[in-house]
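Order of listing sets the numbers, starting from 1, for every ligand and every atom in it.
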Amino acid sequence: MKFCCQCGASVELRIPAGDTLPRHVCVSCETIHYQNPRMIVGCIPEWDDRILLCKRAIEPRYGLWTVPAGFMENGETTCQGAARETLEEANARVEVGQLYALYNIPHISQVYILFRARLLDLDFSAGAETLEVGLFAQDEVPWDQLAFATVRRTLTQYFRDRGNGEYRFHTGTIEPVRKP
Ligand SMILES: [Zn+2]
């Protein structure tokens with residue numbers, strides 16, 4: 001951040017009185033511009049023994065597969081956000097169900113919140129940010145072409161849970177991939 005979005009003056013990085021971390025503070029109107037983690041909301045849409053996945057038409061990870069998910073918008077609930085993303089990316093209608101996974105990704109300041117969801121019909125198709133949408137059984141999931149570590153981890157647990165006959169809530173922290 002270089003300029004204040006309130007008044008257009010420049011900002012400086014300093015620790016405001018009573019705070020503990022450096023913030024962008026406007027040199028003119030003194031507005032403190034806090035930057036906080038972003039929430040990514042999404043779901044695992046289910047249809048019998050298959051789940052819906054989307055092939056990404058946007059960077060990052062163009063051409064790789066993911067569950068429908070995206071940045072939460074102001075003024076919506078996490079469930080509404082998950083349903084909206086599913087509609088936008090896969091033109092699919094879902095009934096959002098159980099909270100399934102919450103992952104912290106501190107190195108990129110994101111929090112992933114994923115639900116299980118029931119696909120309401122098979123009238124789905126690729127949205128603007130999607131190349132292709134499909135339903136996959138466990139042995140059909142393109143495991144070597146998944147877009148994100150969160151998706152791989154979530155789906156691995158999901159099918160393990162299904163095998164055990166009990167879907168548990170999962171949480172954890174995703175660490176950065178270390179280059180050898
Ligand atoms: Zn200002």
Side-chain angles (χ1 to χ4, degrees), residues 1-45 52-117 125-131 133 146-155 169-179:
M1 180 179 290
K2 285 184 173 158
F3 300 104
C4 176
C5 60
Q6 298 292 321
C7 75
S10 54
V11 296
E12 62 181 10
L13 207 53
R14 65 178 165 87
I15 301 175
D19 205 338
T20 54
L21 294 172
R23 313 283 182 187
H24 288 103
V25 182
C26 177
V27 298
S28 176
C29 75
E30 299 199 341
T31 298
I32 303 169
H33 299 280
Y34 295 97
Q35 291 179 307
N36 298 99
R38 296 212 280 177
M39 310 264 268
I40 291 161
V41 289
C43 65
I44 306 167
L52 181 144
L53 296 176
C54 301
K55 192 175 194 179
R56 291 171 63 82
I58 52 169
E59 295 292 348
R61 316 292 164 86
Y62 179 97
L64 298 181
W65 292 87
T66 182
V67 295
F71 291 111
M72 192 175 172
E73 299 285 2
N74 291 340
E76 70 182 5
T77 67
T78 50
C79 289
Q80 287 167 345
R84 176 185 52 74
E85 288 291 341
T86 307
L87 188 61
E88 288 177 7
E89 295 181 2
N91 293 310
R93 285 141 301 279
V94 289
E95 180 182 82
V96 176
Q98 171 198 357
L99 175 60
Y100 187 65
L102 187 154
Y103 293 113
N104 302 285
I105 318 179
H107 66 283
I108 50 172
S109 297
Q110 292 182 352
V111 177
Y112 257 77
I113 298 176
L114 297 171
F115 296 86
R116 290 175 61 204
S125 59
E129 300 182 346
T130 305
L131 294 171
V133 184
L146 295 178
F148 303 107
T150 43
V151 175
R152 168 177 298 278
R153 189 155 156 179
T154 301
L155 295 184
F169 171 69
H170 299 271
T171 187
T173 299
I174 305 282
E175 306 289 350
V177 177
R178 289 196 181 77
K179 302 254 156 57

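Using a 4.5 Å cut-off on side-chain heavy atoms (C-beta onward), V67 and L53 make contact. Y62 has its side chain within reach of L131: a pair of non-hydrogen atoms, C-beta onward, lies under 4.5 Å apart. Side-chain contact between C4 and C29: present, with at least one pair of heavy atoms (C-beta onward) separated by less than 4.5 Å.
In terms of heavy-atom proximity, F115 sits nearest to L99 at CD2-CA, 3.6 Å. When all heavy atoms are compared, the tightest approach of P68 to L52 is CG-CD2, 3.8 Å.
Inspection of the environment of the Zn ion (ligand 1) yields the following protein N, O or S atoms under 2.8 Å: C4 SG, C7 SG, C26 SG, C29 SG.
In this structure a side-chain-to-backbone donor-acceptor pair under 3.5 Å is missing from T86 to A92.
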